[in-house]
Participant: 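Got a structure for you, questions after.
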Amino acid sequence: MALLEMNHIRKSFGGLEVIRDISLKVDKGEVLSIIGPSGSGKSTMLRCATMLETIDAGEIWYMGEKVAWVEPDGRKVYPKGEQLKKVHSCFGLVFQNFNLFPHYSVLKNIVDPVVHNQKRSKAEATQEAMELLARMGLADKADAYPCQLSGGQCQRVAIARALALNPQVLFFDEPTSALDPELTGEVLKVIRSLADLHIAMVIVTHEMNFAREISDHVIFMDKGVIAVEGSAEEVFKAENERMRAFFGKLNH
Amino acid sequence: MSFQVMMQQLGGGLLRSIEIFALTLLFSLPLGLLVSFGRMSKNRVIRSIVWIYISVMRGTPLMLQLLAVYFGPFYIGGLKLGATWRFTAIIIAFSVNYAAYFAEIYRSGIESMPPGQYEAARVLGYSKGSTFFRIIFPQVVKRILPSVTNEVITLVKDTSLAFSLAYAEMFTIAKQIAAKETSFMPFLAAALFYYVFNAIVAFGMERIEKAMNYYT
Ligand SMILES: Nc1ncnc2c1ncn2[C@@H]1O[C@H](COP(=O)(O)OP(=O)(O)O)[C@@H](O)[C@H]1O
Ligand SMILES: [Mg+2]
(Lines give C-alpha, C1' and ligand atoms only; values in the text may rest on other atoms or scores of the structure.)
(Ligands and ions follow the chains in the order given, each with its own letter.)
Protein backbone atom coordinates (compact mmCIF):
# COMPACT_ATOMS: atom_id res chain seq x y z
CA MET A 1 0.00 0.00 0.00
CA ALA A 2 1.36 3.39 -1.00
CA LEU A 3 1.36 6.13 1.60
CA LEU A 4 0.35 8.66 -1.00
CA GLU A 5 -1.00 8.28 -4.48
CA MET A 6 -1.99 11.12 -6.75
CA ASN A 7 -3.63 10.08 -9.97
CA HIS A 8 -4.15 12.19 -13.09
CA ILE A 9 -4.08 15.49 -11.24
CA ARG A 10 -4.95 18.66 -13.11
CA LYS A 11 -4.94 22.19 -11.79
CA SER A 12 -5.53 25.53 -13.50
CA PHE A 13 -5.34 29.10 -12.30
CA GLY A 14 -7.67 31.23 -14.35
CA GLY A 15 -7.08 29.96 -17.86
CA LEU A 16 -3.56 28.72 -17.18
CA GLU A 17 -3.21 24.98 -16.73
CA VAL A 18 -0.36 24.58 -14.26
CA ILE A 19 -0.60 20.82 -13.61
CA ARG A 20 -1.47 18.69 -16.60
CA ASP A 21 -2.32 15.13 -15.77
CA ILE A 22 0.39 14.27 -13.25
CA SER A 23 0.44 11.02 -11.30
CA LEU A 24 2.85 10.08 -8.56
CA LYS A 25 3.21 7.64 -5.71
CA VAL A 26 5.15 7.60 -2.45
CA ASP A 27 5.81 4.34 -0.64
CA LYS A 28 6.74 3.76 2.96
CA GLY A 29 10.26 5.01 3.67
CA GLU A 30 10.67 6.40 0.18
CA VAL A 31 12.29 9.72 -0.67
CA LEU A 32 10.90 11.40 -3.77
CA SER A 33 12.51 14.53 -5.13
CA ILE A 34 10.78 16.88 -7.52
CA ILE A 35 13.09 19.09 -9.54
CA GLY A 36 12.51 21.39 -12.48
CA PRO A 37 12.60 25.01 -13.58
CA SER A 38 10.74 27.63 -11.62
CA GLY A 39 7.12 28.01 -12.69
CA SER A 40 6.87 24.37 -13.75
CA GLY A 41 4.22 23.63 -11.10
CA LYS A 42 6.24 21.95 -8.33
CA SER A 43 4.83 24.02 -5.49
CA THR A 44 1.33 23.71 -6.87
CA MET A 45 1.71 19.94 -6.87
CA LEU A 46 2.72 19.99 -3.18
CA ARG A 47 -0.10 22.38 -2.37
CA CYS A 48 -2.55 20.02 -4.04
CA ALA A 49 -1.15 17.07 -2.08
CA THR A 50 -1.48 19.00 1.20
CA MET A 51 -4.96 20.31 0.30
CA LEU A 52 -3.93 23.95 0.29
CA GLU A 53 -5.26 23.96 -3.27
CA THR A 54 -8.16 21.94 -4.62
CA ILE A 55 -7.56 19.80 -7.68
CA ASP A 56 -9.55 20.27 -10.91
CA ALA A 57 -9.31 16.63 -11.96
CA GLY A 58 -7.92 13.38 -10.61
CA GLU A 59 -7.83 11.77 -7.18
CA ILE A 60 -5.68 11.76 -4.05
CA TRP A 61 -5.18 8.68 -1.88
CA TYR A 62 -3.57 8.59 1.55
CA MET A 63 -2.79 5.25 3.23
CA GLY A 64 -4.90 3.30 0.76
CA GLU A 65 -7.92 5.52 1.23
CA LYS A 66 -9.32 7.80 -1.43
CA VAL A 67 -9.58 11.15 0.32
CA ALA A 68 -10.18 13.71 -2.43
CA TRP A 69 -11.35 13.44 -5.99
CA VAL A 70 -13.32 15.11 -8.76
CA GLU A 71 -16.53 13.48 -9.93
CA PRO A 72 -17.18 13.07 -13.68
CA ASP A 73 -19.67 15.96 -13.44
CA GLY A 74 -16.87 18.20 -12.12
CA ARG A 75 -17.98 18.17 -8.48
CA LYS A 76 -14.98 18.27 -6.10
CA VAL A 77 -15.14 15.90 -3.15
CA TYR A 78 -12.96 16.92 -0.21
CA PRO A 79 -12.85 15.61 3.35
CA LYS A 80 -14.48 17.63 6.13
CA GLY A 81 -14.53 17.64 9.91
CA GLU A 82 -13.08 14.56 11.56
CA GLN A 83 -12.18 13.04 8.21
CA LEU A 84 -10.16 16.12 7.29
CA LYS A 85 -8.38 15.97 10.64
CA LYS A 86 -7.44 12.38 9.94
CA VAL A 87 -6.09 13.27 6.50
CA HIS A 88 -4.14 16.21 7.90
CA SER A 89 -2.50 13.91 10.42
CA CYS A 90 -1.06 11.87 7.51
CA PHE A 91 1.32 14.55 6.32
CA GLY A 92 3.50 17.46 7.32
CA LEU A 93 4.66 20.38 5.20
CA VAL A 94 7.83 22.42 5.50
CA PHE A 95 7.65 25.77 3.73
CA GLN A 96 10.33 27.68 1.93
CA ASN A 97 9.93 30.62 4.33
CA PHE A 98 9.29 28.49 7.46
CA ASN A 99 6.01 30.11 8.52
CA LEU A 100 6.78 29.67 12.19
CA PHE A 101 4.37 31.39 14.58
CA PRO A 102 6.34 34.46 15.71
CA HIS A 103 4.34 35.00 18.91
CA TYR A 104 5.10 31.49 20.17
CA SER A 105 8.42 30.36 21.58
CA VAL A 106 10.31 27.65 19.71
CA LEU A 107 9.01 25.05 22.15
CA LYS A 108 5.41 26.26 21.91
CA ASN A 109 5.57 26.26 18.11
CA ILE A 110 6.22 22.53 18.34
CA VAL A 111 4.07 21.62 21.34
CA ASP A 112 0.92 23.66 20.67
CA PRO A 113 -0.28 21.79 17.55
CA VAL A 114 0.31 18.46 19.28
CA VAL A 115 -1.59 19.41 22.42
CA HIS A 116 -4.31 21.49 20.82
CA ASN A 117 -4.96 19.48 17.66
CA GLN A 118 -3.96 15.94 18.55
CA LYS A 119 -5.14 16.24 22.16
CA ARG A 120 -2.05 14.65 23.60
CA SER A 121 -0.78 15.50 27.06
CA LYS A 122 1.36 18.58 27.41
CA ALA A 123 4.01 16.81 29.47
CA GLU A 124 4.46 14.10 26.87
CA ALA A 125 4.43 16.57 23.98
CA THR A 126 6.99 18.76 25.72
CA GLN A 127 9.31 15.86 26.35
CA GLU A 128 9.06 14.73 22.73
CA ALA A 129 9.61 18.28 21.50
CA MET A 130 12.76 18.58 23.59
CA GLU A 131 14.05 15.32 22.13
CA LEU A 132 13.30 16.57 18.60
CA LEU A 133 15.04 19.87 19.31
CA ALA A 134 18.08 17.98 20.58
CA ARG A 135 18.13 15.97 17.37
CA MET A 136 18.01 19.24 15.40
CA GLY A 137 20.89 20.61 17.47
CA LEU A 138 18.63 23.26 18.99
CA ALA A 139 18.17 22.03 22.54
CA ASP A 140 19.31 25.39 23.91
CA LYS A 141 16.80 27.35 21.80
CA ALA A 142 13.59 25.97 23.30
CA ASP A 143 12.71 29.26 25.00
CA ALA A 144 13.87 31.52 22.18
CA TYR A 145 11.44 33.23 19.80
CA PRO A 146 11.70 32.70 16.04
CA CYS A 147 12.87 36.29 15.52
CA GLN A 148 15.97 35.49 17.56
CA LEU A 149 17.02 32.60 15.31
CA SER A 150 18.89 32.37 12.02
CA GLY A 151 17.05 31.16 8.93
CA GLY A 152 18.66 27.76 9.17
CA GLN A 153 17.62 27.43 12.80
CA CYS A 154 14.07 28.52 11.95
CA GLN A 155 13.86 25.91 9.24
CA ARG A 156 15.05 23.20 11.64
CA VAL A 157 12.37 24.27 14.11
CA ALA A 158 9.80 24.08 11.32
CA ILE A 159 10.96 20.55 10.55
CA ALA A 160 10.69 19.61 14.24
CA ARG A 161 7.21 21.14 14.38
CA ALA A 162 6.09 19.01 11.45
CA LEU A 163 7.72 15.86 12.82
CA ALA A 164 6.13 16.27 16.25
CA LEU A 165 2.75 15.37 14.74
CA ASN A 166 4.13 11.99 13.57
CA PRO A 167 3.22 12.38 9.91
CA GLN A 168 3.47 9.47 7.48
CA VAL A 169 4.82 11.70 4.71
CA LEU A 170 6.77 14.92 5.03
CA PHE A 171 6.65 17.47 2.21
CA PHE A 172 9.37 20.07 1.70
CA ASP A 173 8.93 23.01 -0.66
CA GLU A 174 12.42 24.31 -1.42
CA PRO A 175 13.43 24.13 2.24
CA THR A 176 16.78 25.84 1.68
CA SER A 177 15.95 28.41 -0.99
CA ALA A 178 15.45 31.23 1.51
CA LEU A 179 18.74 30.48 3.27
CA ASP A 180 22.25 31.83 2.84
CA PRO A 181 24.52 29.19 1.34
CA GLU A 182 26.36 28.66 4.63
CA LEU A 183 23.07 27.83 6.37
CA THR A 184 21.86 25.41 3.70
CA GLY A 185 24.14 22.63 4.84
CA GLU A 186 22.75 22.37 8.35
CA VAL A 187 19.20 21.96 7.05
CA LEU A 188 20.19 19.43 4.40
CA LYS A 189 22.01 17.48 7.08
CA VAL A 190 18.83 17.26 9.14
CA ILE A 191 16.78 16.12 6.14
CA ARG A 192 19.43 13.53 5.34
CA SER A 193 19.17 12.21 8.90
CA LEU A 194 15.42 11.79 8.42
CA ALA A 195 16.03 9.77 5.27
CA ASP A 196 18.31 7.53 7.31
CA LEU A 197 15.37 6.96 9.66
CA HIS A 198 13.28 5.94 6.65
CA ILE A 199 10.75 8.72 6.99
CA ALA A 200 8.90 9.10 3.70
CA MET A 201 9.54 12.48 2.14
CA VAL A 202 8.66 14.47 -0.95
CA ILE A 203 11.22 17.20 -1.51
CA VAL A 204 11.03 20.02 -4.02
CA THR A 205 14.58 21.27 -4.33
CA HIS A 206 17.16 23.00 -6.49
CA GLU A 207 20.01 21.25 -4.64
CA MET A 208 20.88 18.76 -7.35
CA ASN A 209 23.70 16.94 -5.61
CA PHE A 210 21.55 16.56 -2.55
CA ALA A 211 18.58 15.25 -4.58
CA ARG A 212 20.79 12.82 -6.39
CA GLU A 213 22.28 11.39 -3.25
CA ILE A 214 19.16 11.22 -1.07
CA SER A 215 16.35 10.23 -3.47
CA ASP A 216 14.90 6.84 -4.25
CA HIS A 217 12.91 8.39 -7.03
CA VAL A 218 13.22 11.67 -8.90
CA ILE A 219 10.65 13.55 -10.93
CA PHE A 220 11.72 16.27 -13.34
CA MET A 221 8.80 18.57 -13.98
CA ASP A 222 8.50 21.00 -16.84
CA LYS A 223 5.53 23.16 -17.79
CA GLY A 224 3.08 21.16 -15.71
CA VAL A 225 4.04 17.68 -16.86
CA ILE A 226 6.52 15.07 -15.74
CA ALA A 227 9.26 15.33 -18.36
CA VAL A 228 11.52 12.64 -16.92
CA GLU A 229 11.24 10.34 -13.94
CA GLY A 230 13.04 7.36 -12.51
CA SER A 231 15.70 6.48 -10.00
CA ALA A 232 18.15 9.25 -9.15
CA GLU A 233 20.76 7.67 -11.37
CA GLU A 234 18.45 7.29 -14.35
CA VAL A 235 17.15 10.82 -14.18
CA PHE A 236 20.49 12.53 -13.72
CA LYS A 237 22.02 10.85 -16.72
CA ALA A 238 18.88 11.11 -18.85
CA GLU A 239 19.47 12.57 -22.29
CA ASN A 240 16.65 15.04 -22.15
CA GLU A 241 17.09 18.31 -23.90
CA ARG A 242 14.91 20.36 -21.57
CA MET A 243 16.72 18.87 -18.63
CA ARG A 244 20.11 19.59 -20.07
CA ALA A 245 19.03 23.17 -20.65
CA PHE A 246 17.87 23.29 -17.03
CA PHE A 247 21.10 21.92 -15.63
CA GLY A 248 23.06 24.17 -17.93
CA LYS A 249 21.29 27.15 -16.40
CA LEU A 250 21.94 25.89 -12.87
CA ASN A 251 25.66 25.59 -13.49
CA HIS A 252 26.01 29.22 -14.40
CA MET B 1 -18.38 78.07 45.92
CA SER B 2 -15.25 76.88 47.62
CA PHE B 3 -12.42 75.36 45.68
CA GLN B 4 -12.99 72.10 47.50
CA VAL B 5 -16.67 71.87 46.51
CA MET B 6 -15.79 72.61 42.92
CA MET B 7 -13.18 69.90 42.89
CA GLN B 8 -15.62 67.49 44.46
CA GLN B 9 -18.24 68.17 41.80
CA LEU B 10 -15.71 67.93 38.99
CA GLY B 11 -14.39 64.71 40.51
CA GLY B 12 -17.90 63.25 40.42
CA GLY B 13 -18.12 64.27 36.77
CA LEU B 14 -14.76 62.71 36.08
CA LEU B 15 -15.97 59.39 37.48
CA ARG B 16 -18.94 59.50 35.09
CA SER B 17 -16.58 60.31 32.21
CA ILE B 18 -14.43 57.34 33.16
CA GLU B 19 -17.55 55.19 33.26
CA ILE B 20 -18.50 56.20 29.71
CA PHE B 21 -14.92 55.59 28.61
CA ALA B 22 -14.66 52.12 30.17
CA LEU B 23 -18.08 50.87 29.06
CA THR B 24 -17.54 52.16 25.54
CA LEU B 25 -14.28 50.22 25.25
CA LEU B 26 -15.84 47.14 26.83
CA PHE B 27 -18.57 47.03 24.18
CA SER B 28 -16.93 48.57 21.13
CA LEU B 29 -13.75 46.48 21.07
CA PRO B 30 -15.55 43.11 20.67
CA LEU B 31 -18.33 44.66 18.56
CA GLY B 32 -15.71 46.15 16.25
CA LEU B 33 -14.21 42.71 15.69
CA LEU B 34 -17.62 41.37 14.77
CA VAL B 35 -18.20 44.33 12.42
CA SER B 36 -14.81 43.74 10.78
CA PHE B 37 -15.90 40.16 10.02
CA GLY B 38 -19.01 41.56 8.37
CA ARG B 39 -16.88 44.02 6.43
CA MET B 40 -14.75 41.12 5.11
CA SER B 41 -17.69 38.73 4.64
CA LYS B 42 -17.95 36.69 1.46
CA ASN B 43 -21.62 37.62 1.36
CA ARG B 44 -22.01 40.79 -0.70
CA VAL B 45 -25.19 41.94 1.02
CA ILE B 46 -23.65 41.73 4.50
CA ARG B 47 -20.48 43.41 3.24
CA SER B 48 -22.45 46.30 1.70
CA ILE B 49 -24.65 46.86 4.75
CA VAL B 50 -21.62 46.92 7.01
CA TRP B 51 -19.82 49.26 4.64
CA ILE B 52 -22.74 51.71 4.77
CA TYR B 53 -22.86 51.48 8.57
CA ILE B 54 -19.14 52.21 8.87
CA SER B 55 -19.21 55.09 6.44
CA VAL B 56 -22.18 56.72 8.20
CA MET B 57 -20.53 56.32 11.61
CA ARG B 58 -17.31 57.86 10.37
CA GLY B 59 -18.94 60.43 8.11
CA THR B 60 -21.32 62.13 10.55
CA PRO B 61 -20.61 63.93 13.84
CA LEU B 62 -20.71 61.79 16.94
CA MET B 63 -22.75 64.51 18.61
CA LEU B 64 -25.53 64.07 16.04
CA GLN B 65 -25.37 60.32 16.55
CA LEU B 66 -25.82 60.82 20.28
CA LEU B 67 -28.91 62.95 19.68
CA ALA B 68 -30.26 60.44 17.14
CA VAL B 69 -29.93 57.50 19.53
CA TYR B 70 -31.39 59.48 22.44
CA PHE B 71 -34.38 61.03 20.66
CA GLY B 72 -34.79 58.37 17.94
CA PRO B 73 -37.07 56.01 19.90
CA PHE B 74 -39.43 58.89 20.72
CA TYR B 75 -39.60 60.55 17.28
CA ILE B 76 -39.65 57.32 15.31
CA GLY B 77 -41.48 54.88 17.58
CA GLY B 78 -43.32 57.26 19.93
CA LEU B 79 -41.58 55.50 22.80
CA LYS B 80 -41.15 57.31 26.09
CA LEU B 81 -38.14 55.81 27.79
CA GLY B 82 -37.36 56.11 31.49
CA ALA B 83 -34.76 58.12 33.35
CA THR B 84 -31.93 55.65 32.77
CA TRP B 85 -32.32 55.93 29.00
CA ARG B 86 -30.04 58.94 28.81
CA PHE B 87 -27.05 57.01 30.04
CA THR B 88 -27.94 53.90 28.03
CA ALA B 89 -28.27 55.98 24.88
CA ILE B 90 -24.86 57.52 25.49
CA ILE B 91 -23.22 54.10 25.86
CA ILE B 92 -25.01 52.75 22.77
CA ALA B 93 -24.07 55.72 20.62
CA PHE B 94 -20.43 55.72 21.73
CA SER B 95 -20.06 51.95 21.38
CA VAL B 96 -21.64 51.76 17.97
CA ASN B 97 -19.58 54.71 16.75
CA TYR B 98 -16.26 53.45 18.10
CA ALA B 99 -16.98 49.91 16.88
CA ALA B 100 -16.96 51.30 13.34
CA TYR B 101 -13.51 52.83 13.82
CA PHE B 102 -12.17 49.72 15.54
CA ALA B 103 -13.63 47.51 12.79
CA GLU B 104 -11.54 49.29 10.17
CA ILE B 105 -8.46 48.95 12.35
CA TYR B 106 -9.07 45.24 12.91
CA ARG B 107 -9.65 44.77 9.20
CA SER B 108 -6.41 46.43 8.17
CA GLY B 109 -4.58 44.30 10.75
CA ILE B 110 -6.17 41.06 9.68
CA GLU B 111 -5.57 41.78 6.00
CA SER B 112 -1.91 42.55 6.67
CA MET B 113 -1.27 39.02 7.97
CA PRO B 114 0.80 36.89 5.58
CA PRO B 115 -1.16 33.97 4.06
CA GLY B 116 1.65 31.62 5.13
CA GLN B 117 0.44 31.84 8.74
CA TYR B 118 -2.99 30.54 7.75
CA GLU B 119 -1.48 27.84 5.58
CA ALA B 120 0.92 26.62 8.24
CA ALA B 121 -1.91 26.52 10.78
CA ARG B 122 -4.14 24.60 8.41
CA VAL B 123 -1.51 21.99 7.61
CA LEU B 124 -0.78 21.59 11.33
CA GLY B 125 -4.42 20.71 11.91
CA TYR B 126 -5.79 23.89 13.49
CA SER B 127 -9.49 24.46 12.88
CA LYS B 128 -10.60 27.76 11.36
CA GLY B 129 -11.62 29.12 14.76
CA SER B 130 -8.40 28.04 16.47
CA THR B 131 -6.36 29.46 13.62
CA PHE B 132 -7.97 32.82 14.10
CA PHE B 133 -7.94 33.03 17.87
CA ARG B 134 -4.61 31.27 18.59
CA ILE B 135 -2.47 32.23 15.62
CA ILE B 136 -3.86 35.23 13.75
CA PHE B 137 -5.58 37.43 16.32
CA PRO B 138 -2.71 37.70 18.84
CA GLN B 139 -0.44 38.90 16.06
CA VAL B 140 -3.11 41.29 14.77
CA VAL B 141 -3.41 42.84 18.24
CA LYS B 142 0.28 43.63 18.25
CA ARG B 143 0.13 45.14 14.78
CA ILE B 144 -2.88 47.38 15.46
CA LEU B 145 -2.01 48.51 18.97
CA PRO B 146 -0.62 51.93 17.89
CA SER B 147 -3.82 52.72 15.95
CA VAL B 148 -5.97 51.49 18.82
CA THR B 149 -4.03 53.75 21.19
CA ASN B 150 -4.89 56.74 18.99
CA GLU B 151 -8.59 55.93 19.11
CA VAL B 152 -8.56 55.28 22.84
CA ILE B 153 -6.96 58.65 23.49
CA THR B 154 -9.50 60.34 21.25
CA LEU B 155 -12.24 58.59 23.22
CA VAL B 156 -11.05 60.14 26.48
CA LYS B 157 -11.69 63.57 24.98
CA ASP B 158 -14.84 62.48 23.12
CA THR B 159 -16.58 61.53 26.37
CA SER B 160 -17.14 65.27 26.80
CA LEU B 161 -19.62 65.12 23.90
CA ALA B 162 -22.10 63.55 26.32
CA PHE B 163 -22.75 67.14 27.39
CA SER B 164 -25.00 67.39 24.31
CA LEU B 165 -27.49 65.16 26.16
CA ALA B 166 -26.96 67.18 29.36
CA TYR B 167 -25.43 64.18 31.05
CA ALA B 168 -23.47 65.16 34.14
CA GLU B 169 -20.02 64.07 33.07
CA MET B 170 -17.03 66.26 33.76
CA PHE B 171 -17.38 68.76 30.91
CA THR B 172 -21.09 69.37 31.56
CA ILE B 173 -20.36 70.03 35.21
CA ALA B 174 -17.45 72.32 34.41
CA LYS B 175 -19.72 74.33 32.16
CA GLN B 176 -22.43 74.57 34.82
CA ILE B 177 -20.04 75.72 37.51
CA ALA B 178 -18.39 78.18 35.15
CA ALA B 179 -21.75 79.73 34.29
CA LYS B 180 -22.86 79.94 37.92
CA GLU B 181 -19.58 81.34 39.24
CA THR B 182 -18.71 83.36 36.17
CA SER B 183 -15.24 81.91 36.45
CA PHE B 184 -12.84 80.32 34.03
CA MET B 185 -11.31 78.15 36.75
CA PRO B 186 -13.62 75.12 36.33
CA PHE B 187 -12.58 74.81 32.66
CA LEU B 188 -8.92 74.91 33.58
CA ALA B 189 -9.44 72.29 36.26
CA ALA B 190 -11.41 70.11 33.83
CA ALA B 191 -8.67 70.46 31.21
CA LEU B 192 -6.12 69.36 33.76
CA PHE B 193 -8.27 66.36 34.70
CA TYR B 194 -8.67 65.32 31.06
CA TYR B 195 -4.96 65.73 30.56
CA VAL B 196 -4.06 63.53 33.53
CA PHE B 197 -6.72 60.97 32.57
CA ASN B 198 -5.20 60.81 29.10
CA ALA B 199 -1.66 60.62 30.38
CA ILE B 200 -2.60 57.60 32.48
CA VAL B 201 -4.34 55.94 29.53
CA ALA B 202 -1.37 56.64 27.26
CA PHE B 203 0.99 55.24 29.86
CA GLY B 204 -1.12 52.08 30.16
CA MET B 205 -1.22 51.58 26.40
CA GLU B 206 2.53 52.07 26.19
CA ARG B 207 3.00 49.38 28.83
CA ILE B 208 0.86 46.98 26.81
CA GLU B 209 2.83 47.77 23.66
CA LYS B 210 6.08 47.14 25.51
CA ALA B 211 4.77 43.85 26.89
CA MET B 212 4.21 42.72 23.31
CA ASN B 213 7.70 43.60 22.17
CA TYR B 214 9.03 40.17 23.04
CA TYR B 215 8.80 39.24 19.37
CA THR B 216 8.85 40.98 16.00
N1 LIG C 1 -2.51 31.10 -6.59
C2 LIG C 1 -2.11 31.23 -7.89
N3 LIG C 1 -2.83 32.00 -8.73
C4 LIG C 1 -2.44 32.14 -10.01
N5 LIG C 1 -1.38 31.56 -10.57
C6 LIG C 1 -0.61 30.78 -9.78
C7 LIG C 1 -0.95 30.58 -8.40
N8 LIG C 1 -0.02 29.74 -7.86
C9 LIG C 1 0.84 29.44 -8.86
N10 LIG C 1 0.49 30.06 -10.01
C11 LIG C 1 1.17 29.94 -11.31
O12 LIG C 1 1.36 28.56 -11.56
C13 LIG C 1 2.60 28.32 -12.18
C14 LIG C 1 3.35 27.28 -11.40
O15 LIG C 1 3.71 27.82 -10.17
P16 LIG C 1 4.47 26.98 -9.05
O17 LIG C 1 3.70 25.74 -8.77
O18 LIG C 1 4.69 27.90 -7.92
O19 LIG C 1 5.82 26.62 -9.76
P20 LIG C 1 7.22 26.16 -9.14
O21 LIG C 1 7.00 25.85 -7.69
O22 LIG C 1 7.62 24.99 -9.94
O23 LIG C 1 8.16 27.30 -9.34
C24 LIG C 1 3.31 29.65 -12.26
O25 LIG C 1 3.15 30.15 -13.56
C26 LIG C 1 2.59 30.50 -11.26
O27 LIG C 1 2.59 31.84 -11.66
MG1 LIG D 1 7.81 26.76 -5.97
Side-chain angles (χ1 to χ4, degrees), chain A residues 43 46-47 49-53 80-82 84-106 108-120 143-149 154 157-158 160-167 169-171 173 178, chain B residues 29-30 32-33 36-37 40-44 102 105-149 204-216:
Chain A
S43 295
L46 283 201
R47 293 171 59 81
T50 51
M51 320 226 156
L52 291 174
E53 302 283 358
K80 285 194 199 72
E82 282 306 305
L84 178 64
K85 260 192 173 168
K86 210 178 106 191
V87 175
H88 269 144
S89 70
C90 291
F91 57 77
L93 173 59
V94 174
F95 298 83
Q96 183 174 340
N97 53 353
F98 335 129
N99 291 333
L100 292 176
F101 302 135
H103 60 309
Y104 284 173
S105 69
V106 163
K108 187 154 187 196
N109 262 280
I110 302 172
V111 168
D112 195 68
V114 177
V115 173
H116 193 259
N117 303 333
Q118 293 195 336
K119 310 286 179 225
R120 283 160 56 201
D143 296 323
Y145 283 84
C147 60
Q148 299 165 318
L149 303 184
C154 281
V157 173
R161 179 174 74 168
L163 281 173
L165 295 163
N166 290 313
V169 191
L170 202 46
F171 296 95
D173 192 357
Chain B
L29 283 170
L33 185 60
S36 77
F37 290 154
M40 296 180 290
S41 166
K42 288 197 190 84
N43 182 315
R44 241 192 62 194
F102 286 137
I105 293 174
Y106 283 126
R107 183 176 67 94
S108 71
I110 291 169
E111 286 177 347
S112 76
M113 286 297 293
Q117 292 286 303
Y118 290 92
E119 293 178 351
R122 197 154 134 206
V123 172
L124 291 165
Y126 287 94
S127 66
K128 276 207 170 118
S130 301
T131 300
F132 186 77
F133 286 108
R134 297 183 78 81
I135 310 299
I136 303 300
F137 191 64
Q139 298 182 56
V140 167
V141 169
K142 180 181 162 86
R143 285 169 187 232
I144 65 175
L145 219 48
S147 320
V148 170
T149 300
M205 293 304 289
E206 201 176 303
R207 287 297 290 267
I208 298 175
E209 280 179 42
K210 280 225 179 83
M212 292 196 153
N213 270 348
Y214 66 92
Y215 73 92
T216 51

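Since the model is a prediction, treat every value here as computed from it, not as a measurement.
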Participant: Can you tell me which portion of A:Leu165 sits under 4.5 Å from chain B's heavy atoms? Options are side chain, backbone, both or neither.
Facilitator: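 For A:Leu165, side-chain heavy atoms alone lie under 4.5 Å from chain B.
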Participant: Start with the C-alpha gap between B:Leu29 and B:Phe102, add the side-chain angles, then the distance that decides, and say whether side chain to side chain contact (heavy atoms under 4.5 Å, CB included) holds.
Facilitator: CA-CA 7 Å; B:Leu29 283 170; B:Phe102 286 137; 3.8 Å; yes
Participant: With salt bridge (charged side-chain N to carboxylate O under 4.0 Å, His left out) as the rule and sequence neighbours excluded, what pairs involving residues 88-97 of chain A come up?
Facilitator: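 Pairs touching residues 88-97 of chain A that pass the test: none.
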Participant: Apply side chain to side chain donor-acceptor pair (under 3.5 Å) to A:Glu82 and list each qualifying residue two or more places apart in sequence or on a separate chain.
Facilitator: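 Expected list: none.
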Participant: Looking at A:Cys147, A:Ala164, A:Pro102, which has the largest count of heavy-atom pairs under 4.5 Å with chain B?
Facilitator: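 Among A:Cys147, A:Ala164, A:Pro102, the one with the most close pairs to chain B is A:Pro102.
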Participant: Flag the one option from A:Gln118, A:Arg161, A:Gln148 with the top tally of heavy-atom pairs under 4.5 Å to chain B.
Facilitator: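 With the most close heavy-atom pairs to chain B, the winner is A:Arg161.
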Participant: Answer yes if the side chains of A:Asp143 and A:Ser105 hold a donor-acceptor pair under 3.5 Å, and no otherwise.
Facilitator: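 Per modelled atom types, A:Asp143 and A:Ser105 side chains form no pair under 3.5 Å.
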Participant: Which atoms of A:Tyr145 come close to chain B, meaning under 4.5 Å heavy atom to heavy atom: side chain ones, backbone ones, both, or neither?
Facilitator: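 The side chain, not the backbone.
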Participant: So, the side chain of A:Asn109 versus the backbone of A:Phe101: is there a donor-acceptor pair under 3.5 Å, distance only?
Facilitator: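 Yes, A:Asn109 side chain to A:Phe101 backbone: donor-acceptor pair under 3.5 Å.
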Participant: Counting only non-hydrogen atoms closer than 4.5 Å, can you tell me which residues of residues 209-216 of chain B sit against chain A?
Facilitator: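 Interface residues of residues 209-216 of chain B: B:Tyr214, B:Tyr215, B:Thr216.
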Participant: Can you tell me which portion of A:His116 sits under 4.5 Å from chain B's heavy atoms? Options are side chain, backbone, both or neither.
Facilitator: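 A:His116 touches chain B through side-chain heavy atoms alone.
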Participant: Given 3.5 Å as the limit, does a donor-acceptor pair link the side chain of B:Arg143 with the main chain of B:Ser112, or not?
Facilitator: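 Flag set: sc B:Arg143 to bb B:Ser112 pair under 3.5 Å.
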Participant: Side-chain donor-acceptor contacts of residues 114-128 of chain B below 3.5 Å, not counting sequence neighbours, with atom names and distances?
Facilitator:
unit_1   : atom_1 : unit_2   : atom_2 : d
B:Gln117 : OE1    : B:Gln139 : NE2    : 2.9
B:Gln117 : NE2    : A:Leu100 : O      : 2.8
B:Glu119 : OE1    : A:Arg47  : NH1    : 3.0
B:Glu119 : OE2    : A:Arg47  : NH1    : 3.1
B:Glu119 : OE2    : A:Arg47  : NH2    : 2.9
B:Arg122 : NH2    : A:Met51  : O      : 2.6
B:Tyr126 : OH     : A:Asp112 : OD2    : 2.5
B:Ser127 : OG     : B:Ser130 : N      : 3.2
B:Ser127 : OG     : B:Ser130 : OG     : 3.0

Participant: Measuring centre to centre across the rings, with the benzene-like ring taken for any Trp, is A:Phe171 within less than 6.0 Å of A:Phe95?
Facilitator: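 Ring-ring flag for A:Phe171/A:Phe95: false, centres at least 6.0 Å apart.
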